[in-house]
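The structure under discussion appears below in the form of structure tokens.
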Amino acid sequence: MLDRILLSRFRNHRETAVEGTAQFNLLVGENGAGKTNILEAISLLAPGRGLRRAQLADLPAQDGDGGFAVNASLQTWKGEPVRLGTGSAAERPGRRLVQVNGGQASALSLGEWLSIGWLTPAMDRLFVEGAGARRRFLDRLVLAIVPGHAANAARLDNALRERNRLLSDERTPDPRWLDALELQIAEAGALVAAARAELVAQLQVELAALPEAPFARPSLAYLPGGPLEQDALAAALREGRARERAAQRTLTGPHRDDLAVTMAGKDQPAADCSTGEQKAMLIAITLAHSRLLETAHALDADSRPRLLLLDEVAAHLDPLRRQALFDRLRTGSAQVWLTGTELAPFEAIAGEAAVWEVSAGTVRRLP
Ligand SMILES: Nc1ncnc2c1ncn2[C@@H]1O[C@H](COP(=O)(O)OP(=O)(O)OP(=O)(O)O)[C@@H](O)[C@H]1O
């Protein structure tokens, strides 16, 4: 678990240390105090752009020197200490720096040390937004289980970007270039699609085992955006060249995948459900995912510590659902970080939680 995190010149935090953590960690304070900023800093200890998907340039404190740092120490399951750090230097603001145990490392390698999941208010629109947000959501869930997924997804993205560039070029693309790129897309794409499909199938099993109450039970289906098999995907890309040149982009492949979510009892698409029902389904997916991770851990297939960041989740649940959420989290092994504007919704766990009052970019540990 995460023992300590230090935010330096990060958003509205000049120098904020959060230490003395527990299984439940509560960040409580008024709107705009900097609670989500702390969760965001933690989320940057994973590959990717963090829970706000912010640009690197937005992260340094506006009144700072243009750089920022987030440093954390954590314990692996075996109790070994690990130090992770990320940030950017004032002189090279566009470049993300990552350190593991004091040595330079790649952002992708962060996934080998920690598995981080989150739920934020921005995700309330997940089911009504475009498929891109759901693909990213799915990829984060996969990444929490399969650290190598980020590298495959990055390889797929790079090859697709390059192929789209060639397709939209006025000059006729060199077919050998297209051959090479399509091979990369097919190789990485088949791995990405297989990992997504596998995760959805596993989640579906977990979800089916969940009681329908108190959380709305969602039913998931993976909708592939192209053939799943590597050879079939390569063939589809080759055959689609003329059509895709006209469209100036690649029209088939895992970059067109989607996740269909319906509410099991009502058989209603998630997008048509109430806001509260959508939130309850997201929580159910998060809890089912946690159970998958527990299993992976129990099988010794995954030894990374796990963090779950729940931004403003508790306050939006009625007391029964809130209690059910806390009960489930308590029996899990993830370290949980929760935010709220007041302590009242956390009454049931306040005794066992570490609590910080966050105010204008500072924190104070409450006794
Ligand atoms: N780069 C930055 N430099 C300085 N301050 C920033 C920067 N980015 C964001 N902020 C400030 O951080 C504050 C928002 O912090 P945050 O979103 O963590 O609040 P919060 O405590 O989660 O609030 P809420 O309860 O409303 O969600 C705002 O006041 C915003 O102006």
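Whatever order the structure lists ligands and atoms in, that order sets their numbers, starting from 1.
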(message) Below 3.5 Å, N or O to N or O, backbone or side chain included: is there any such pair between Gly34 and ligand 1?
(response) yes

(request) Would you mind listing which atoms of ligand 1 come within a distance below 4.0 Å of any non-hydrogen atom of Ala61? (result) 3 (N)

(message) Within the protein, is there a heavy atom lying under 4.0 Å from atom 31 (O) of ligand 1?
(response) no

(request) Scan side-chain atoms only and decide if Arg96 and Thr86 contain a donor-acceptor pair under the 3.5 Å cut-off. (result) yes

(request) Say whether Glu162 and Asn158, considering side chains only, have a donor N or O and an acceptor N or O under 3.5 Å apart. (result) no

(request) Mark the output for Glu40 as yes if a heavy-atom distance to ligand 1 is under 4.0 Å, and as no if none is. (result) no

(request) Say whether Thr341, considering both its backbone and side-chain N or O atoms, lies within less than 3.5 Å of an N or O atom on ligand 1. (result) no

(request) Report yes or no: does Arg9 have a heavy atom closer than 4.0 Å to ligand 1? (result) no

(request) Check whether any side-chain heavy atom of Leu2 sits under 4.5 Å from a side-chain heavy atom of Leu307, and report yes or no. (result) yes

(request) Check each heavy atom of Asp58 against ligand 1 and say whether those closer than 4.0 Å belong to the side chain, the backbone, both or neither. (result) backbone

(message) Out of all atoms in ligand 1, which are within 4.0 Å of some heavy atom of Glu30? Include the element for each.
(response) 21 (O)

(request) Identify, for atom 22 (O) of ligand 1, the protein heavy atom at the shortest distance, and state residue, atom and that distance. (result) Thr36 OG1, 2.5 Å

(message) Checking a contact table here: which protein heavy atom is nearest atom 27 (O) of ligand 1, and how many Å away?
(response) Glu312 OE2, 2.9 Å

(request) Among all protein heavy atoms, pick the one closest to atom 29 (O) of ligand 1 and tell me residue, atom and distance. (result) Gly32 O, 3.6 Å

(request) Mark up the atoms of ligand 1 that fall under 4.0 Å of a heavy atom belonging to Ala33, in ascending order. (result) 19 (O), 20 (P), 21 (O)

(message) Does the protein come close to atom 7 (C) of ligand 1 - that is, does one of its heavy atoms sit below 4.0 Å from that atom?
(response) yes

(message) Give me the nearest non-hydrogen protein atom to atom 1 (N) of ligand 1 as residue plus atom name, then the distance to 0.1 Å.
(response) Pro60 O, 2.9 Å

(request) Please report which non-hydrogen protein atom sits nearest to atom 2 (C) of ligand 1, along with the residue it belongs to and the distance in Å to one decimal place. (result) Arg11 CA, 3.4 Å

(message) What protein heavy atom lies closest to atom 15 (O) of ligand 1? Include the residue and the distance to one decimal.
(response) Asn37 ND2, 3.1 Å

(request) With heavy atoms under 4.0 Å as the rule, classify the contact between Pro121 and ligand 1 as side chain, backbone, both or neither. (result) neither

